[in-house]
Amino acid sequence: MQPENERSDQGRRSFIEAARRAQIVDAAIETIVELGYAKASFAQIARRAGVSAGLISYHFANREELINQVMITVHESMDADLTAKTEGSDSHAVALRRLIEGYVHYCAAHPKELIAISRIAANATEAREWADGQRDATLDEMEDMFREGQQAGEYREFAPRVMALTLMAALEAVPRELFERPDTEVAAYASELADVFDHATRKKAP
């Protein structure tokens with residue numbers, strides 16, 4: 001059995017290491033946004049993080065591992081945020097609205113993260129393949145969500161896959177729209193986009 005003080009020391013080290021990795025990931029995002037993917041070297045990232053390049057190498061075996069962690073971190077953050085917003089919804093329609101509005105607001109609040117992962121996906125083959133896998137999984141979840149809404153009697157008859165593809169396309173357009181039109185009224189955009197899919201999915205009154 002480990003002594004209590006040894007377990008405590010390990011816990012502190014784990015916390016410090018996690019915090020340091022998060023700091024490096026944040027610096028990598030900043031660097032990719034400012035300089036672009038190709039110029040985001042360990043040296044540039046280290047300068048923004050206020051650490052040595054050697055310390056980055058201690059936490060990440062190579063640049064590819066760090067870049068992949070950026071993708072994972074952003075996707076996990078988004079997933080946690082949207083899950084929190086949709087949990088407890090009392091209907092599929094409410095969950096769909098919260099998902100759409102939550103995504104728009106997340107994009108507005110995290111522009112640098114989304115710019116960074118879009119640049120990574122455009123340049124790094126492994127990261128792009130990972131992102132494509134995540135996209136495919138999300139599409140499947142959306143398709144299931146629409147099918148379950150139909151089975152529950154909330155939605156009209158339509159092809160769940162087609163609706164999922166349409167929703168995915170609409171959501172993928174959000175970051176660029178907000179980036180290119182920074183004066184966009186985010187709340188109004190989020191509400192209007194949710195309205196589009198509310199009208200597209202709801203059953204017509206008899």
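- In this structure, the side chains of H75 and W130 come closer than 4.5 Å at one or more pairs of heavy atoms.
- The number of heavy atoms from other shown groups lying within 6.0 Å of CD (E65) is above 12.
- For F158 and F146, the distance between ring centers is under 6.0 angstrom.
- Atom-to-atom distance recorded for N123:CG and R128:CZ is 8.0 Å, nearest 0.5 angstrom.
- Taken together through direct or relayed side-chain contacts under 4.5 Å among Ile, Leu, Val, Met, Phe, Trp and Tyr, L171 and V196 form part of one hydrophobic cluster.
- Side-chain contact between S191 and E101 is present, with heavy atoms from C-beta onward closer than 4.5 Å.
- With a 4.5 Å cut-off on side-chain heavy atoms, F179 and L114 do not count as touching.
- With hydrogens and angles disregarded, no donor-acceptor distance shorter than 3.5 Å links the side chain of Q44 to the backbone of T31.
- Residues A28 and V70 approach most closely at CB-CG2, 3.9 Å, considering heavy atoms.
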Go through N62 and L66 one step at a time and tell me if the side-chain contact (heavy atoms from CB on, under 4.5 Å) criterion holds.
-> CA-CA 7 Å; N62 50 46; L66 172 55; over 6 Å; no

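- Taking CD of Q134 as the reference point, atom CD of E76 lies at 9.0 Å (rounded to 0.5 Å).
- Here the closest heavy-atom approach between residue A170 and residue L193 is recorded as CB-CD1, 4.1 Å.
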Between Y58 and R20, does a side-chain contact (heavy atoms from CB on, under 4.5 Å) hold up when you go through it step by step?
-> CA-CA 11 Å; Y58 171 79; R20 183 67 76 188; over 6 Å; no

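- No side-chain heavy atom of L55 sits under 4.5 Å from any side-chain heavy atom of F42.
- Between M163 and Y155, the closest side-chain pair of non-hydrogen atoms is not below 4.5 Å.
- Interatomic distance, CD1 of I100 versus CG of D195, reported as 9.5 Å (0.5 Å rounding).
- A 6.0 Å sphere centred on CZ of R176 holds no more than 12 heavy atoms belonging to other residues, nucleotides or ligands.
- The CD atom of E143 sits 12.5 Å away from atom OG1 of T138, with the distance rounded to the nearest 0.5 Å.
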CA sep, side-chain torsions, deciding dist, call: E154, H92, side-chain hydrogen bond (donor to acceptor under 3.5 Å, both in side chains) = CA-CA 7 Å; E154 291 186 41; H92 288 84; 3.1 Å; yes

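- Atom CD of E148 sits in a crowded spot, with more than 12 heavy atoms from other residues, nucleotides or ligands closer than 6.0 Å.
- For T86 and R98, the side-chain atoms include no donor-acceptor pair closer than 3.5 Å.
- Considering every non-hydrogen atom in both K112 and I29, the closest pair reads O-CG2, 3.8 Å.
- Proximity of D81 to Y103: side-chain heavy atoms (C-beta onward) are nowhere separated by under 4.5 Å.
- For the atom pair E64 CD and T125 OG1, the distance stands at 9.0 Å (nearest 0.5 Å).
- Formation of a donor-acceptor pair under 3.5 Å by the R63 side chain with backbone atoms of S41 is not found in this model.
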Using the side-chain hydrogen bond (donor to acceptor under 3.5 Å, both in side chains) rule, take Q151 and R147 through it: C-alpha gap first, then chi angles, then the decisive distance, then the call.
-> CA-CA 6 Å; Q151 292 170 349; R147 184 174 292 107; over 6 Å; no

Applying salt bridge (charged side-chain N to carboxylate O under 4.0 Å, His left out), run through E30 and R48 and close with a yes or a no.
-> CA-CA 8 Å; E30 292 280 350; R48 281 162 179 77; over 6 Å; no

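- Contact of the E113 side chain with the S77 side chain is not registered, since no non-hydrogen atoms from C-beta on lie closer than 4.5 Å.
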How far apart are the C-alpha atoms of R135 and D140, what are their side-chain angles, what is the distance that settles it, and do they pass the salt bridge (charged side-chain N to carboxylate O under 4.0 Å, His left out) test?
-> CA-CA 9 Å; R135 184 181 187 275; D140 289 342; over 6 Å; no

R156/R202 under side-chain contact (heavy atoms from CB on, under 4.5 Å): CA gap, chis, key distance, verdict | CA-CA 6 Å; R156 67 175 180 82; R202 72 167 59 167; over 6 Å; no

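- Of all heavy-atom pairs between A53 and A46, the closest is N-CB, 3.6 Å.
- The two residues I32 and R119 have their closest heavy-atom pair at O-NH1, 2.9 Å.
- To the nearest 0.5 Å, the span separating OG1 on T73 from CG on D26 amounts to 8.5 Å.
- I45 and A40 make their closest contact through CD1-O, 3.7 Å (heavy atoms, listed as atom of the first residue, atom of the second, distance).
- Between L96 and M145, the closest side-chain pair of non-hydrogen atoms falls below 4.5 Å.
- L165 and V174 fall within a single hydrophobic cluster, where Ile, Leu, Val, Met, Phe, Trp and Tyr side chains are chained together by heavy-atom contacts under 4.5 Å.
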